[in-house]
Amino acid sequence: MKIIELHAENLKRLTAVQIRPDGNLVQITGRNGQGKTSVLDAIWWALDGTKNVQTTPIRKGEERAIIRLDLGELKITRKFIAQEDGSYTTSIAVENGDGAKFSSPQSMLDKLLGELTFDPLAFTRMKDAEQVLSLRSLVPGFDFIRAEEDIKTFYARRTEYNRDANTARSSAEELTKGLPKDIPIRVDVQGLSDSLEKAQGHNADVDATDRERAEVTTALEKIDADIKALEAQIEMRKSQKADAEKILSAIKTQLKVKIDTKDIMDKIRGASEVNDMVNRAIRRDQQAEDAKTATEKASDMTSGIDKIKKDAQAAIASAKMPIDGLSIQDGAVYLDGVPFNQASDAQQLQASIGIAMALNPTLKVIRVRDGSLLDQDALKTLSEMADAHDYQIWIERVDSNETVGFVLEDGHVKGQKLEPASTTKKEPVDQPETKKPAPTGSMFEDDRA
């Protein structure tokens, strides 16, 4: 779908123009201030709604302006009516080939427009991230947003695992300090404690026996003294003595040797140091194992990130790009293996136009601003691309010789003197879209060279 005819009256600097393009490269030329930009803005405003309309779209001194755009399958009419307070109202009507009007004309037109329809060279001015987003729309079947979210998740997890690995590794290194190369076997402190308790019990028995023996010995001495002092009781005492001797004899058979506990206590004191060493070695080995596990998990996250990036590159590589050599690498657009902004002006121009065409498959109309900045080679490239892909490229250029394309002169196409019908006829307004005070500022200066 291309522009068959453009008709505009009383729009900005235009009085009345009618342009029927012949060929795919449509050059709007002439000296500065003659209405070139107004022609391209007429196309822009007819298609893209009121959001880009400048402060005063109606020619000074006129009450209304009109744009008619014939796309063959569609006919678009946009009108502007001046208000007494300096504002304006605007309306749009869109008809199909049978004359039937669309109930939501602007919504229908919005579906036809591509991202770079009205300024394809804007791609060269975009930041890397913006260029990538534009180009991604040409890659079907790959969810870049989901991929970016997955990469962020993998990055976060990898950071966490690496942090855990470093912490565990540092802890293992700290625990290694002071440990001998050969770690001794853990000491059975409980066994030593049991032995100590048994030995202490035994020694308590020995102490009790010693006390009992001392007591019996003292009793015998007293008995001997009593025998000497109490001859009358000697027989009785002898009997008592005999009994005591029997008891003493029995006690002697029960006497045990004390166990030396010093060695056991020394072992218990040494066991604490040994077991602390063993525990540190165990913790060290565990921390080293944790570090290994975390490092392996971090490596898995890196593998996940690499896979997503490879899948994205594969999707991009398999997609049909508008220009050979166009790719996305490391979050930026590359052309023939170098960053897009390092490519030559001619390469950037060709790529930008190609991308605009790919993003604009239905309405095959592209508007190029600042055409005077393009040399003859660039114009030749545009013309060849327009013919090769059957696209219509409208371009504005300053031409003092007034020999190329549609030459604008004082609001008319040179040699064409149309009278605006809207100056004599009160036309009805279809579907008013806005009624607003004039906004401040404008998108572009009128008829910039």
How many angstroms lie between OG in S303 and CD1 in I308, if you round to the nearest 0.5 Å?
11.5 Å
How long is the straight-line distance from CZ of R186 back to CG of N279, given to the nearest 0.5 Å?
4.5 Å
Test item: D98 side-chain N/O and A100 main-chain N/O as donor-acceptor pair under 3.5 Å:
no
Please step through side chain to side chain contact (heavy atoms under 4.5 Å, CB included) for the pair E221 and T217, ending with a clear verdict.
CA-CA 6 Å; E221 291 175 351; T217 300; 4.0 Å; yes
Would you please test T362 and E73 for side chain to side chain contact (heavy atoms under 4.5 Å, CB included) and show each step?
CA-CA 11 Å; T362 304; E73 298 177 24; over 6 Å; no
Is it true that a side-chain atom of Q348 and a backbone atom of A343 form a donor plus acceptor pair closer than 3.5 Å?
yes
Please round to the nearest 0.5 Å and tell me the distance separating atom OG1 of T295 and atom CG of N162.
6.5 Å
Which is it for K198 and D194 under the salt bridge (Lys or Arg N to Asp or Glu O under 4.0 Å) test, yes or no, and what are the steps along the way?
CA-CA 6 Å; K198 185 176 180 180; D194 292 342; over 6 Å; no
Taking all non-hydrogen atoms of both residues into account, name the closest pair between W394 and P21 and its distance.
CZ2-CG, 3.4 Å
Output, in order, the C-alpha distance, side-chain angles, deciding distance and verdict of side-chain hydrogen bond (donor to acceptor under 3.5 Å, both in side chains) for W44 and D48.
CA-CA 6 Å; W44 189 12; D48 202 26; 3.3 Å; yes
One pair to check against salt bridge (Lys or Arg N to Asp or Glu O under 4.0 Å): K267 and D263. What are the steps and the verdict?
CA-CA 6 Å; K267 288 181 179 180; D263 184 53; 3.6 Å; yes
Is it true that a side-chain atom of R78 and a backbone atom of W45 form a donor plus acceptor pair closer than 3.5 Å?
yes
Shortest non-hydrogen contact from V189 toward A271:
CG2-CB, 3.4 Å
What pairs with F406 under ring pair (Phe, Tyr, Trp, His ring centres under 6.0 Å), at least two apart in sequence or on another chain?
none
Would you name the heavy atoms of Y88 and P57 that are closest together and state the gap between them?
CE2-CD, 3.7 Å
Gap between atom CG of D306 and atom CE of M301 - 0.5 Å precision
11.5 Å
Dump the intermediate steps for side chain to side chain contact (heavy atoms under 4.5 Å, CB included) on D210 and R213, then the final yes or no.
CA-CA 5 Å; D210 286 343; R213 182 180 60 183; 3.4 Å; yes
T218 (side chain) donor-acceptor with A214 (main chain) under 3.5 angstrom
yes
Measuring only between side-chain heavy atoms, which start at C-beta, is I3 closer than 4.5 Å to L71?
yes
Hits for side chain to side chain contact (heavy atoms under 4.5 Å, CB included) against D188, two or more places apart or cross-chain, chain-then-number order -> Q190
Tell me whether D311 is salt-bridged to K307, with the criterion being a basic N under 4.0 Å from an acidic carboxylate O.
yes
Give, for atom CZ of F102 and atom CD of E95, the distance between the pair rounded to the nearest 0.5 Å.
9.5 Å
Around K75, counting heavy atoms of other residues, nucleotides and ligands shown, do more than 12 lie under 6.0 Å from its NZ?
yes
Side chain to side chain, I353 and T381, heavy atoms closer than 4.5 Å:
no
With side chain to side chain contact (heavy atoms under 4.5 Å, CB included) as the criterion, how do R20 and I4 come out once you've worked through the C-alpha distance, each side chain's angles and the decisive distance to 0.1 Å?
CA-CA 6 Å; R20 297 183 64 86; I4 296 174; 3.6 Å; yes
Short question: side chain of T90, backbone of K79 - any donor-acceptor pair under 3.5 Å?
yes
Side chains of T293 and D164: closer than 4.5 Å at any heavy-atom pair?
no
Given side chains that start at C-beta, do those of S193 and I268 come closer than 4.5 Å, heavy atoms only?
yes
Whether the side chain of Q106 engages the backbone of L47 through a donor-acceptor N/O pair (distance < 3.5 Å, no angle test) should be reported.
yes
Just by distance, with hydrogens left out, do N166 and R163 show a side-chain donor and acceptor under 3.5 Å apart?
no
To the nearest 0.5 Å, how far apart are NZ in K364 and CG in D390?
5.5 Å
So which atom in K12 and which in D41 form the shortest heavy-atom distance, rounded to 0.1 Å?
NZ-OD2, 2.5 Å
So do R13 and T37 actually touch side chain to side chain, heavy atoms under 4.5 Å?
no
Side chain of T159, backbone of Y155: donor and acceptor closer than 3.5 Å?
yes
Neighbour count above 12 (heavy atom, 6.0 Å) for E273 CD:
no
Greater than 12 external heavy atoms within 6.0 Å of M265's CE
no
Atom CZ of residue position R157 - does it have more than 12 heavy atoms of other residues, nucleotides or ligands inside 6.0 Å?
no
Can N24 and K2 be counted as having a side-chain donor-acceptor contact under 3.5 angstrom?
yes
In this structure, are over 12 heavy atoms from other groups packed under 6.0 Å from E197 atom CD?
no
Can you give me the closest heavy-atom contact between I58 and I81, atom names plus distance?
CD1-C, 3.8 Å
Is there a side-chain contact between R367 and I43 in this structure, where contact means two heavy atoms from C-beta onward sitting under 4.5 Å apart?
no
Does CZ in R146 sit with more than 12 non-hydrogen atoms of other residues, nucleotides or ligands closer than 6.0 Å?
no
Student check: side-chain heavy atoms of F80 and I67 closer than 4.5 Å
yes
Can you find a pair of side-chain heavy atoms, one from I393 and one from M357, that are under 4.5 Å apart?
yes
Looking only at non-hydrogen atoms, find the nearest pair between G72 and D70 and report the distance.
N-OD1, 2.8 Å
